[in-house]
Novice: 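My questions all concern the structure below.
Small disclaimer: the values here were computed from a predicted structure and weren't measured.
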Protein chains: 2
Amino acid sequence: MDEINWPPNVIKANYIAETIRQRIADGTYPPDTPVPSEHALVQEFGVARGTARKALRRLVDAGDAYVVRGLGTFVTPPPAEKS
Amino acid sequence: MDEINWPPNVIKANYIAETIRQRIADGTYPPDTPVPSEHALVQEFGVARGTARKALRRLVDAGDAYVVRGLGTFVTPPPAEKS
DNA sequence: TATGATTTGTGCGTATGTATT
DNA sequence: TAATACATACGCACAAATCAT
């Protein structure tokens, strides 16, 4: 795996959060399935755990994901459509 | 969430420590229960982690709280009364 | 029942850079 | 200049919840 070529002047946590958000949008991570764990993000993006945690925190704070302790972080399902 | 209206000429870490102390005194945080974590203080008071840690440090140094690593910071119980 | 792996929660220590006072 | 604070980031240890064996 190649190292990430970090764009200049970007906050890593934001960049990672955005990347995950895109993957949620394109269906890579379907609703109620886990997004990558902190450890997985550490591996994939070559960052510290704290940075990975921050990225996931952003998603949770934005309502895009929810956490189950001991299990992982999951994609928030979209609101039900009115017919 | 409103922003904190920081009183002038006060060190934030001291202010936060004092606030927690008041909550301990008024029973908001009972003995042997956790005071807010570093992260929680960052969220509540809108300060940096270093400032939050300093505040907790003050409480611990003063004997008002004790730390259990991996668990959190807890309210020091009052000394037992003699009968 | 119990053990280990995985994952999140909390805390400790440190570092760099910027801004304000 | 110095103290205070903010923001970001690195790395580690230990605790607790969950799941698989």
Side-chain angles (χ1 to χ4, degrees), chain A residues 1 3-20 23-24 28-76, chain B residues 1-20 23-24 29-76:
Chain A
M1 190 67 88
E3 315 111 32
I4 309 294
N5 199 354
W6 289 110
N9 301 322
V10 298
I11 281 75
K12 292 184 181 180
N14 289 344
Y15 180 89
I16 296 172
E18 266 314 303
T19 301
I20 298 174
R23 293 178 186 171
I24 292 174
T28 301
Y29 309 135
D32 289 319
T33 64
V35 299
S37 70
E38 295 175 358
H39 180 70
L41 293 178
V42 167
Q43 300 298 311
E44 178 179 355
F45 293 93
V47 296
R49 191 191 162 196
T51 306
R53 280 181 64 79
K54 230 183 213 173
L56 293 175
R57 189 58 192 269
R58 299 266 154 87
L59 298 174
V60 172
D61 286 349
D64 297 319
Y66 61 94
V67 174
V68 181
R69 193 177 178 189
L71 259 184
T73 305
F74 300 81
V75 178
T76 301
Chain B
M1 190 67 85
D2 296 338
E3 313 110 30
I4 308 294
N5 198 352
W6 290 109
N9 301 322
V10 299
I11 280 70
K12 291 188 182 181
N14 289 343
Y15 180 88
I16 295 173
E18 267 312 304
T19 300
I20 298 175
R23 293 179 185 171
I24 292 174
Y29 309 137
D32 291 319
T33 63
V35 299
S37 69
E38 294 179 356
H39 181 72
L41 293 179
V42 168
Q43 299 296 311
E44 176 178 355
F45 292 93
V47 297
R49 183 190 163 208
T51 306
R53 290 191 56 189
K54 252 184 207 168
L56 292 174
R57 187 68 185 275
R58 300 264 156 88
L59 297 173
V60 172
D61 286 349
D64 296 319
Y66 62 94
V67 173
V68 182
R69 205 178 176 195
L71 260 186
T73 306
F74 300 80
V75 178
T76 302

Novice: As an exercise, state the distance from CD of B:Glu44 to CD1 of B:Ile20, rounded to the nearest 0.5 Å.
Specialist: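 It is 8.0 Å, given to the nearest 0.5 Å.
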
Novice: Quick one: is B:Thr73 getting a side-chain N or O under 4.0 Å of the C:dG11 phosphate, OP1 or OP2?
Specialist: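 B:Thr73 to C:dG11 OP1/OP2: side-chain N or O found under 4.0 Å.
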
Novice: Could you please name the option among D:dC19, C:dT7, D:dC6 that lies closest to any side-chain atom of B:Ala48?
Specialist: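 The nucleotide sitting nearest to the side chain is D:dC6.
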
Novice: Expressed in angstrom and rounded to an integer, what is the separation of B:Lys54 atom NZ from C:dG13 atom P?
Specialist: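 Between P of C:dG13 and NZ of B:Lys54: 14 Å.
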
Novice: Identify which one of A:Val35, A:Asp64, A:Thr73 satisfies the side-chain contact (heavy atoms from CB on, under 4.5 Å) criterion when paired with A:Tyr29.
Specialist: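 Option passing the side-chain contact (heavy atoms from CB on, under 4.5 Å) with A:Tyr29: A:Val35.
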
Novice: Which of parallel (below 30°), tilted (30 to 60°) and perpendicular (above 60°) describes A:Tyr15 and A:Phe45?
Specialist: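 Judged by the thresholds at 30° and 60°, the geometry between A:Tyr15 and A:Phe45 is perpendicular.
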
Novice: Rounded to the nearest 0.5 Å, what separation is found between the CG atom of B:Leu59 and the CD1 atom of B:Ile16?
Specialist: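 Taking CG in B:Leu59 and CD1 in B:Ile16, the distance rounds to 10.0 Å.
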
Novice: Between D:dG11 atom C1' and A:Lys12 atom NZ, what is the distance in whole Å?
Specialist: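 From A:Lys12 NZ to D:dG11 C1': 13 Å.
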
Novice: Just call it for B:Val68: base, sugar-phosphate, or nothing, with non-hydrogen atoms closer than 4.0 Å on any strand.
Specialist: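 Nothing, no heavy atom under 4.0 Å.
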
Novice: Expressed in angstrom and rounded to an integer, what is the separation of B:Gln43 atom CD from C:dT10 atom P?
Specialist: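 That distance rounds to 11 Å.
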
Novice: Could you check which of D:dA9, C:dT8, D:dC6 has an atom nearest any side-chain atom of B:Val47?
Specialist: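 Minimum distance to the B:Val47 side chain belongs to D:dC6.
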
Novice: Any N or O donor-acceptor pair under 3.5 Å from the base of C:dG11 to the side chain of B:Arg49?
Specialist: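 Answer no: no donor N or O sits under 3.5 Å from an acceptor.
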
Novice: Taking for each residue the nucleotide of DNA chain D with the nearest heavy atom, is it B:Ala52 or A:Ile11 whose nucleotide lies nearer the 5' end?
Specialist: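 Its nucleotide being nearer the 5' end, the pick is B:Ala52.
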
Novice: So, is B:Ser37 near the phosphate of C:dG11, with a side-chain N or O under 4.0 Å from OP1 or OP2?
Specialist: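 Yes, B:Ser37 has a side-chain N/O under 4.0 Å of OP1/OP2 on C:dG11.
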
Novice: Checking all strands, does B:Gly72 fall into the base, sugar-phosphate, or nothing category for heavy-atom contacts under 4.0 angstrom?
Specialist: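 B:Gly72: backbone/sugar contact only, no base atoms under 4.0 Å.
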
Novice: When the nearest nucleotide of DNA chain C is assigned to B:Arg57 and to B:Gly70 on a heavy-atom basis, which residue is associated with the more 5' position?
Specialist: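 Here B:Gly70 is the residue nearer the 5' end.
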
Novice: Over all heavy atoms of both residues, which pair between B:Tyr66 and B:Asp32 is shortest? Give the atoms and the distance, please.
Specialist: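 Scanning both residues completely, I find the closest heavy atoms to be OH-OD1, 2.6 Å.
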
Novice: Take atom NE2 of A:His39 and atom P of C:dA5, then tell me their distance rounded to the nearest Å.
Specialist: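 Rounded to whole Å, this separation is 13 Å.
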
Novice: Please determine if a side-chain N or O atom of B:Arg53 lies less than 4.0 Å away from the OP1 or OP2 oxygen of C:dG13.
Specialist: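 The answer is yes; a side-chain N or O of B:Arg53 sits under 4.0 Å from OP1 or OP2.
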
Novice: Using a cut-off of 4.0 Å on non-hydrogen atoms, how would the nucleic acid contact of B:Glu38 be classed: base, sugar-phosphate, or nothing?
Specialist: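 Sugar-phosphate contact only.
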
Novice: On DNA chain D, does the nearest nucleotide to A:Leu71 precede the nearest nucleotide to A:Thr51 from the 5' side, or the other way round? Give the residue.
Specialist: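 Comparing both residues, the 5'-ward one is A:Thr51.
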
Novice: Could you state the CG-C1' distance from A:Leu59 to C:dT8, rounded to the nearest angstrom?
Specialist: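 My rounded result for the distance is 15 Å.
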
Novice: Given that both distances must come in under 3.5 Å, which nucleotide forms a Watson-Crick or G-U wobble pair with D:dC14?
Specialist: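 WC or wobble partner is C:dG9.
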
Novice: Rounded off to whole Å, could you give me the CZ-to-P distance for the B:Arg69 and C:dG9 pair?
Specialist: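 That distance rounds to 18 Å.
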
